[in-house]
Structures are given as structure tokens and as C-alpha cells.
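Accompanying notes for the structure given below.
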Amino acid sequence: QVHLVESGGGLVQPGSSLRLSCAASGFIFSAYDMSWYRQAPGKERELVATINTAGSTNYVDSMKGRFTISRDNVKNTVYLQMNSLKPEDTTVYYCYARNWITSREVWGQGTLVTVSS
């Protein structure tokens, strides 16, 4: 069974920080590119950040400078450090894995982040 389990979401005030974690199991984590997405009601799911198997990162322009993606191939975990959070960051965040050789992909169930005063 392949799984991605997100954690670390919660309620925070604007300007605060939060660190999301995504624990992987059931597949060779180091062989997969990892990403964070988010999706708000009435909106399409949007990419937040990606880190590939070599550790190279890419960010959506609006996220660059506030969010940081990282991975630990020993712990089979990918992280999203979120700083200077804004109310518009409120939504469900999803972890995503993809192997470009086999085309296999895995989605997590999501973790809710709420930014409100």
C-alpha cells in the first residue's frame, strides 16, 4: 500500500509560521519528485512548490520568498515551511509524489491550514 500522510496544519494568526510534513511509505521515496499543492473551494488545485530527486527546488512566483520545500530521504519525508502566512493561504494543502520513469503518482489526503485573527 502506497501512502502519503500530511500533518502540521492548524489555525494560526496572520504573519505566523507553520511547518507541514508529509510522510511517505510503500514506495521508493528517493526515486520520486515531490510537490506541495493547495486547493481552495471554487478554485483549481494549484502547485505551491516542487523538489526533484536531485534536490533541486522550484516555486510558484507568488510563493517564492515565503515558502520553502525540503526533503529527507532517510526519513522518507517532505516538508513545507510556511512563513508570513496570510488569510488567503487558508486552504487544504496536499502532498504529491511522481516517478517520471514509471509514471506512477501518489496523492495525500491533505491537511487544513487556517490563517485568521
Side-chain angles (χ1 to χ4, degrees):
Q1 293 274 46
V2 296
H3 290 102
L4 294 175
V5 181
E6 301 96 335
S7 62
L11 174 63
V12 296
Q13 294 184 333
S16 297
S17 296
L18 208 56
R19 189 194 194 196
L20 306 183
S21 298
C22 173
S25 61
F27 61 95
I28 304 174
F29 178 78
S30 61
Y32 284 69
D33 293 348
M34 301 298 300
S35 298
W36 287 96
Y37 286 76
R38 68 184 187 183
Q39 187 171 22
K43 300 287 186 178
E44 293 186 349
R45 188 168 297 187
E46 65 172 339
L47 177 67
V48 176
T50 296
I51 183 166
N52 69 12
T53 56
S56 180
T57 60
N58 284 288
Y59 300 90
V60 176
D61 286 344
S62 61
M63 313 296 177
K64 190 174 297 182
R66 290 198 302 130
F67 293 0
T68 303
I69 189 171
S70 61
R71 68 189 297 162
D72 187 330
N73 287 348
V74 175
K75 296 181 178 180
N76 289 351
T77 302
V78 63
Y79 305 94
L80 184 67
Q81 178 66 45
M82 310 167 68
N83 298 325
S84 302
L85 285 165
K86 307 173 182 179
E88 50 262 46
D89 295 321
T90 296
T91 189
V92 178
Y93 286 74
Y94 298 90
C95 186
Y96 172 74
R98 181 170 177 83
N99 184 304
W100 285 97
I101 303 300
T102 66
S103 296
R104 191 174 189 179
E105 60 184 8
V106 187
W107 285 99
Q109 293 298 306
T111 185
L112 176 63
V113 173
T114 303
V115 185
S116 177
S117 58

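Values in this document were obtained by computation on a predicted structure and should not be read as measured data. FYI, side chains are in, hydrogens and waters are out, and symmetry mates aren't considered; it's all heavy atoms of this structure.
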statement: Rounded to the nearest 0.5 Å, the CG atom of Asn99 sits from the OG atom of Ser30 at a distance of 10.0 Å
- prompt: Atom OG1 of Thr53 and atom CD1 of Ile28: how far apart are they, to the nearest 0.5 Å?
  reply: 12.5 Å
query: Do Leu80 and Val48 have side-chain heavy atoms sitting under 4.5 Å apart?
result: yes
field: side chain to side chain contact (heavy atoms under 4.5 Å, CB included) assessment of Ser70 paired with Val78
entry: CA-CA 6 Å; Ser70 61; Val78 63; over 6 Å; no
field: Ile101 vs Tyr32, side chain to side chain contact (heavy atoms under 4.5 Å, CB included): CA-CA, chis, key distance, verdict
entry: CA-CA 9 Å; Ile101 303 300; Tyr32 284 69; over 6 Å; no
Honestly curious: do [X] and [Y] fall in one hydrophobic cluster under the side-chain, below-4.5 Å linking rule?
X: Met34; Y: Val2; answer: yes
X: Trp100; Y: Phe29; answer: no
X: Val5; Y: Val113; answer: no
X: Tyr79; Y: Tyr93; answer: no

- prompt: Quick check, are the ring centers of Tyr94 and Tyr37 under 6.0 angstrom apart?
  reply: no
Keeping the roles fixed (side chain from [X], backbone from [Y]), state whether a donor-acceptor pair exists under 3.5 Å.
X: Thr111; Y: Gly9; answer: yes
X: Ser116; Y: Thr114; answer: no
X: Glu6; Y: Gly110; answer: yes

Can you give me every donor-acceptor pair (side chain of residues 12-27, partner residue at least two apart or in another chain, under 3.5 Å) with its distance?
{"unit_1": "Ser16", "atom_1": "OG", "unit_2": "Gln13", "atom_2": "O", "d": "3.0"}
{"unit_1": "Ser17", "atom_1": "OG", "unit_2": "Asn83", "atom_2": "OD1", "d": "2.9"}

query: In chain order, what residues pass the salt bridge (charged side-chain N to carboxylate O under 4.0 Å, His left out) check against Arg71, with sequence neighbours excluded?
result: none
Just wondering, more than 12 heavy atoms not from [X] lying within 6.0 Å of its [atom1]?
X: Gln109; atom1: CD; answer: no
X: Arg104; atom1: CZ; answer: no
X: Glu44; atom1: CD; answer: no

query: Gln1 and His3: which non-hydrogen atoms are nearest, and at how many Å?
result: CB-CE1, 3.4 Å
message: On the six-membered ring of Trp36, is Arg38 placed so that its NZ or CZ lies under 6.0 angstrom from the centre and within 45° of the ring axis?
response: no
query: So among Ile51, Asn52, Thr50, which one has a side chain to side chain contact (heavy atoms under 4.5 Å, CB included) with Thr57?
result: Ile51
query: Hey, mind stepping through Cys95 and Trp107 against side chain to side chain contact (heavy atoms under 4.5 Å, CB included) and telling me if it holds?
result: CA-CA 6 Å; Cys95 186; Trp107 285 99; over 6 Å; no
task: Mind running side chain to side chain contact (heavy atoms under 4.5 Å, CB included) on Ser35 and Leu47 for me, showing each step along the way?
output: CA-CA 7 Å; Ser35 298; Leu47 177 67; 3.9 Å; yes
